[in-house]
**Q** 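Can you keep this structure in mind? I'll have questions shortly.
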There are 2 protein chains.
Amino acid sequence: MKLTSKGRYAVMALADLARFDNINPVSLRDISLRQGISLDYLEQIFSKLRKKEIVQSVRGTQGGYILNKKAKEIKLTNIFDAVDEKVKTVQCKKDSKKGCNGKSTKCLTHNLWDELENHINNFFEKKSLEDLVKENTERRI
Amino acid sequence: MKLTSKGRYAVMALADLARFDNINPVSLRDISLRQGISLDYLEQIFSKLRKKEIVQSVRGTQGGYILNKKAKEIKLTNIFDAVDEKVKTVQCKKDSKKGCNGKSTKCLTHNLWDELENHINNFFEKKSLEDLVKENTERRI
DNA sequence: TATATACTTGACTATTTTAGTCAGGTTTAT
DNA sequence: ATAAACCTGACTAAAATAGTCAAGTATATA
Ligand code: FES
Ligand code: FES
């Protein structure tokens, strides 16, 4: 089970964004340099974040992105959802009544994986961008 | 983040094994048929489980595998560890002082991913094969 | 108004990982 | 003897990931 770069980068970039006030836009170029993430890749990621209204774009010179909500209201769930980083533990289709490998019933472990998925998603629902920024500024003091 | 088939299959197969007493070996062929998992793939998986002493093999006709410990003592952690299904949330080398993307310090989100990794591993450390079997027999009643 | 900065989009590609397959063994109960 | 079942290593197809690349459009500012 591993976290993909896309998900990690999305959160890294937003954490970077969240450190600034929500007035002056931050350019992807700056984030790219500070966080060491490819600019082109960041653009893909922010395109998705914008469509899900997590960030707002400001075009033109001095443009960039700003958060579209308060950092407190942006949970990891929202971020991961926006960039299609999803937790997937079962093999079967979730809503179907069939099990994995085309079986007619759910397998012995199906319930376990469901529990696991919930366990992980709980974490993502609790954590907000604000938590992340706070933790970091505190550590710096 | 997704669970790989190897990990899922390992647990499925052991759950199947655990339903029987620990005296008569269960052949991989049977598990393969019951669980719909390729026999050749199962053999790879059980080779690793045997090396980590989670199962014992009985060769020859009527042979197969039996659990090497009590179901209660086999945690998901042990199983995943045996088949190299590991939780990996950070990009940087864990012990190194360098951050991800070769940076000289840990990134803004490093701590968060560490927490996440612990959160997930906690789940694996708590759950045993016994829990899994119990849950299933109970549901059948 | 010219220009540079920075967002926007879609297609393309290399790399890595996963999920197996395949071919050849060895052991042992019957 | 023979068939069932374990054992091993090498190989491979497919999928997912992690990008790159190219060709735009919008706008602040000099
Ligand atoms: S994971 Fe849902 S049936 Fe096996
Ligand atoms: S994940 Fe460890 S430094 Fe970024």
Side-chain angles (χ1 to χ4, degrees), chain A residues 1-13 17 23-66 68 80 83-89 91 100-102, chain B residues 1-13 17 24-52 54-66 68 80 83-89 91 100-102:
Chain A
M1 301 206 82
K2 60 172 181 263
L3 187 68
T4 66
S5 287
K6 189 155 60 176
R8 192 184 301 106
Y9 288 168
V11 178
M12 276 172 76
L17 240 186
I23 299 161
N24 301 315
V26 178
S27 73
L28 291 190
R29 193 172 159 280
D30 285 355
I31 297 181
S32 163
L33 290 173
R34 274 197 294 263
Q35 307 298 332
I37 305 171
S38 141
L39 179 57
D40 282 317
Y41 204 19
L42 274 179
E43 272 165 357
Q44 281 185 41
I45 291 169
F46 273 76
S47 161
K48 296 183 178 197
L49 292 173
R50 190 175 59 79
K51 278 173 191 151
K52 291 290 174 110
E53 299 179 325
I54 290 172
V55 295
Q56 251 185 359
S57 70
V58 179
R59 301 187 72 152
T61 320
Q62 304 299 324
Y65 288 90
I66 55 175
N68 197 27
F80 282 165
V83 299
D84 308 306
E85 168 93 27
K86 35 185 171 274
V87 179
K88 188 168 191 297
T89 57
Q91 187 166 44
C100 44
N101 301 329
Chain B
M1 302 205 81
K2 60 171 181 269
L3 187 68
T4 66
S5 286
K6 189 156 60 176
R8 192 183 303 104
Y9 289 168
V11 178
M12 278 172 75
L17 238 186
N24 300 314
V26 177
S27 75
L28 291 190
R29 192 171 160 280
D30 285 355
I31 297 181
S32 164
L33 290 173
R34 274 197 295 264
Q35 307 297 334
I37 305 169
S38 140
L39 178 59
D40 282 317
Y41 204 19
L42 275 178
E43 271 166 357
Q44 279 184 41
I45 292 169
F46 272 76
S47 160
K48 294 183 178 194
L49 292 173
R50 189 176 59 78
K51 277 173 192 153
K52 290 292 173 106
I54 290 172
V55 295
Q56 250 184 0
S57 69
V58 179
R59 301 188 72 152
T61 319
Q62 304 298 325
Y65 287 91
I66 54 176
N68 198 27
F80 281 165
V83 300
D84 307 306
E85 169 92 27
K86 37 185 168 273
V87 179
K88 187 167 190 296
T89 58
Q91 186 165 45
C100 44
N101 301 328

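Chain letters run A, B, ... following the sequence lines, proteins first, then strands; residues in each count from 1.
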**Q** Can you confirm whether more than 12 heavy atoms, excluding those of Glu53(A), are under 6.0 Å from its CD atom?
**A**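 No.
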**Q** Calculate the interatomic distance between Ile66(B) atom CD1 and dC6(D) atom P; express it in whole Å.
**A**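 Going from CD1 in Ile66(B) over to P in dC6(D) covers 12 Å.
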**Q** Taking any heavy-atom pair under 4.0 Å as a contact, classify Lys88(A): base, sugar-phosphate, or nothing.
**A**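 The residue Lys88(A) makes no contact with any strand.
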**Q** By nearest atom, which of the nucleotides dT21(C), dA3(D), dC7(D) is closest to the Gln44(B) side chain?
**A**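 For the Gln44(B) side chain, the nearest candidate turns out to be dT21(C).
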**Q** Got a donor-acceptor contact below 3.5 angstrom from the Gln35(A) side chain to the Tyr9(A) backbone?
**A**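 It does not hold such a pair.
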**Q** Taking for each residue the nucleotide of DNA chain D bearing the nearest heavy atom, is the 5' side occupied by Arg8(A) or by Gly60(A)?
**A**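 Whichever sits nearer the 5' end wins; that is Arg8(A).
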**Q** Establish, with yes or no, whether the OP1 or OP2 oxygen of dA18(D) is under 4.0 angstrom from a side-chain nitrogen or oxygen of Tyr9(A).
**A**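 Answer no for this pair, as no side-chain N or O of Tyr9(A) is under 4.0 Å from OP1 or OP2.
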**Q** Side chain to side chain contact (heavy atoms under 4.5 Å, CB included), that's the test. Do Arg50(A) and Gln56(A) meet it? Break it down for me.
**A** CA-CA 6 Å; Arg50(A) 190 175 59 79; Gln56(A) 251 185 359; over 6 Å; no
**Q** Nearest-Å distance, CD (Gln62(B)) to C1' (dT27(C))?
**A**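 Atom-to-atom, Gln62(B) to dT27(C), this comes out as 14 Å.
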**Q** Would the distance check show the side chain of Ser32(A) and the main-chain N or O of Ile37(A) forming a donor-acceptor pair, the cut-off being under 3.5 Å?
**A**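 Yes; judged by distance alone, with no hydrogens or angles, the pair exists.
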**Q** Is there, by distance only and without an angle test, a donor paired with an acceptor across the side chain of Arg59(A) and the base of dT5(C) below 3.5 Å?
**A**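 Per atom types, no contact qualifies.
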**Q** Looking only at heavy atoms, what is the nearest atom pair of Lys48(A) and Asp84(A), with distance?
**A**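 It is NZ-OD2, 3.1 Å.
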**Q** Go nucleotide by nucleotide along DNA chain D from the 5' end; which of Thr61(A) and Gly63(B) gets its closest nucleotide reached first?
**A**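 Nearest nucleotide further toward 5': that of Gly63(B).
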**Q** Does dT17(D) have OP1 or OP2 under 4.0 Å away from a side-chain N or O of Lys2(B)?
**A**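 Indeed, a polar side-chain atom of Lys2(B) lies that close.
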**Q** To check you understand the geometry: which heavy-atom pair defines the closest contact between Leu17(B) and Ile31(B), and what is its length?
**A**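 For Leu17(B) and Ile31(B), the tightest heavy-atom pair comes out as CG-CD1, 4.4 Å.
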**Q** Whole angstrom is fine here: how far is it from CZ in Phe46(B) over to C1' in dC7(D)?
**A**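 Going from Phe46(B) (CZ) to dC7(D) (C1'), I get 14 Å.
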**Q** Rounded to whole Å, how long is the line connecting atom CE of Met1(B) with atom P of dT18(C)?
**A**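 In whole Å, dT18(C) P and Met1(B) CE are 12 Å from each other.
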**Q** Give the nucleotide from the list dA10(D), dT8(D), dA6(C) with an atom nearest to the side chain of Arg50(B).
**A**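 Nearest listed nucleotide: dT8(D).
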**Q** To the nearest Å, how far apart are Arg29(B) CZ and dA3(D) P?
**A**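 Checked: the CZ to P distance equals 14 Å.
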**Q** Given dT18(C), dT8(C), dC6(D), identify the nucleotide with an atom nearest to the side chain of Ser57(B).
**A**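 Given the options dT18(C), dT8(C), dC6(D), the side chain of Ser57(B) is closest to dC6(D).
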**Q** Have a look at Lys48(A) and say if it touches a base, only the backbone sugar-phosphate, or nothing, with a 4.0 Å heavy-atom cut-off.
**A**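 The answer is nothing, as Lys48(A) stays clear of every strand by at least 4.0 Å.
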**Q** If you check every side-chain atom of Tyr41(A), which of dC7(D), dA16(D), dA18(D) has the closest atom?
**A**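 So the nucleotide nearest the side chain must be dA18(D).
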**Q** Rounded to whole angstrom units, what separation is found between the CD atom of Gln91(B) and the P atom of dT17(D)?
**A**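 Between P of dT17(D) and CD of Gln91(B): 14 Å.
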**Q** Taking the side chain of Glu43(B) as heavy atoms from C-beta outward, which of dA6(C), dG20(C), dC6(D) is closest to it?
**A**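 Among dA6(C), dG20(C), dC6(D), the one nearest the side chain of Glu43(B) is dC6(D).
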**Q** Using whole Å, what does the distance between atom C1' of nucleotide dG25(C) and atom CG of Leu39(B) come to?
**A**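 It is 15 Å, rounded to the nearest whole Å.
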**Q** If you check every side-chain atom of Asp40(A), which of dT20(D), dC7(D), dA6(C) has the closest atom?
**A**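 From the listed options, dT20(D) comes nearest.
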**Q** Between dT17(D), dG19(D), dT30(C), which one does the side chain of Ser5(A) approach most closely?
**A**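 So the nucleotide nearest the side chain must be dG19(D).
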**Q** Taking atom C1' of dC7(C) as reference, at what distance in whole Å does atom CD of Gln56(A) sit?
**A**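 Answer to the nearest Å: 14 Å.
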